[in-house]
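In what follows, a single structure is set out as structure tokens and then discussed.
Computed over heavy atoms, backbone and side chain alike; hydrogens, waters and symmetry mates excluded. So you know, we letter chains A, B, ... as the sequences are listed, proteins then strands, and number each from 1.
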There are 2 protein chains.
Amino acid sequence: MTRMATMTAAQRRDQARREYDAFIRSCPTNQLLDRISDKWVSLVVSALAAGSMRYSDLGRKIAGVSPKMLTQTLRALERDGIVARTVTPSVPVRVDYELTPLGTSLSCLLSAVKDWAELHIEQVNEAREQYDAEEH
Amino acid sequence: MTRMATMTAAQRRDQARREYDAFIRSCPTNQLLDRISDKWVSLVVSALAAGSMRYSDLGRKIAGVSPKMLTQTLRALERDGIVARTVTPSVPVRVDYELTPLGTSLSCLLSAVKDWAELHIEQVNEAREQYDAEEH
DNA sequence: CTGCATCCTGTAGGATACTG
DNA sequence: CAGTATCCTACAGGATGCAG
């Protein structure tokens with residue numbers, strides 16, 4: 001009989017995925033990619049790059065964001081030390097958000113990404129047109 | 001009676017989201033962020049940074065990836081002109097993938113991201129610990 | 001004003017099986 | 001070897017309503 005101890009391809013991949021996941025979670029680069037790749041994060045950071053803003057101002061400036069995602073994004077960024085949250089206990093309460101030094105640094109990295117994007121987007125678009133023109 | 005023409009908050013946000021989505025799709029930076037933020041893209045690009053590889057080699061090197069996602073990722077990168085696909089019609093067929101010049105350039109950008117991550121991850125971790133230690 | 005809790009849906013993506 | 005096709009599920013994230 002065939003060795004039952006032999007793992008199936010799926011089992012092997014499953015185990016590999018577990019190890020991989022553990023690796024990913026401990027990998028700074030991927031942690032950061034997860035962070036900046038978030039749809040709303042880059043928008044919040046670039047909005048705040050211009051200066052501190054209130055919660056509702058962010059909601060208006062970032063068109064189409066739901067309160068839930070805005071809060072979720074801001075909490076995550078606050079936890080990571082990217083943004084600072086300041087509560088003014090007036091009535092009604094006023095909450096301001098601003099970039100920390102670390103946040104400003106991240107904002108610079110996003111600028112680098114932006115520069116690369118604008119420099120190469122045309123090349124990408126050409127590649128896409130050419131690819132789509134061929135038959136696949 | 002109140003004006004029925006007045007939009008609810010949800011309706012306004014919905015319209016805003018539509019406009020926003022259109023904007024996003026036309027924005028190079030966000031297109032690129034969508035691209036490099038993909039879980040597998042960064043892994044494929046960095047794997048290929050070392051040189052050309054076959055399909056199954058990539059599958060082994062990138063632990064835990066399913067054939068489906070590997071193919072999907074490679075197709076997207078090929079379409080964008082990031083990787084080149086070379087078929088050698090032997091039996092069995094052999095397919096090699098390698099970075100294009102554009103792909104190499106992207107690989108450099110990813111290195112910049114990596115450098116930033118490794119430089120600041122400790123600061124982020126400290127911020128997280130401090131945040132988690134406080135009550136919320 | 002600034003959120004949080006709940007519900008609900010679309011979809012990304014994994015498992016599995018099959019083909020040239 | 002290098003994929004493709006199908007199914008299925010988990011989770012991101014939007015709508016809504018309520019609270020401090």
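Pairs of residues two or more places apart, or lying in two chains, never qualify as ring-ring contact (aromatic ring centres under 6.0 Å, His included) while including a residue from residues 76-102 of chain A.
Judged as a side-chain hydrogen bond (donor to acceptor under 3.5 Å, both in side chains), and not counting sequence neighbours, A/D115 has no contacts. Applying the salt bridge (Lys or Arg N to Asp or Glu O under 4.0 Å) criterion to B/R94, with sequence neighbours excluded, gives B/D96. Taking the side-chain contact (heavy atoms from CB on, under 4.5 Å) definition, one finds that A/A63 meets it with B/A16, B/Y20, sequence neighbours left out. B/T71 is linked by a side-chain hydrogen bond (donor to acceptor under 3.5 Å, both in side chains) to B/Y55, counting only residues two or more places apart in sequence or in another chain. Scanning for side-chain hydrogen bond (donor to acceptor under 3.5 Å, both in side chains) contacts around B/D57 gives B/R60, with sequence neighbours left out. With sequence neighbours left out, A/A84 forms a side-chain contact (heavy atoms from CB on, under 4.5 Å) with A/E98, A/T100. Residues satisfying the salt bridge (Lys or Arg N to Asp or Glu O under 4.0 Å) test with B/R85, not counting sequence neighbours, are none.
The nearest whole Å value for the distance from the CH2 atom in A/W40 to the C1' atom in D/dG13 is 10 Å. Nucleotide C/dC1 holds its P atom 14 Å from the CE atom of A/M53, rounded to whole Å. Rounded to a whole Å, the CE atom of B/M69 is 16 Å from the P atom of D/dA5. Look at CD on A/Q72: it is 7 Å from P on D/dG13, rounded to the nearest Å.
Against DNA chain D, the stretch residues 28-38 of chain B makes no heavy-atom approach under 4.0 Å.
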Item checked: Sugar-phosphate or base contact per nucleotide [nucleotides 2-7 of chain C; S, B, -; heavy atom under 4.0 Å] -> SSS---

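Comparing the end axes of the helix from C/dC1-D/dG20 to C/dG20-D/dC1, each fitted to five base pairs by superposing C1' atoms of four pairs onto the next four, gives an inter-axis angle of 50° (nearest 10 degrees).
For the pair A/R60 and B/P92, nearest-nucleotide mapping onto DNA chain C gives the more 5' position to A/R60.
Not one N or O on the side chain of A/S105 forms a donor-acceptor pair closer than 3.5 Å with the backbone of A/P101.
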Donor-acceptor list for residues 42-53 of chain A side chains, cut-off 3.5 Å, not counting sequence neighbours:
| residue | atom | partner | partner atom | Å |
| --- | --- | --- | --- | --- |
| A/S46 | OG | A/S42 | O | 3.0 |
| A/S46 | OG | A/L43 | O | 3.2 |

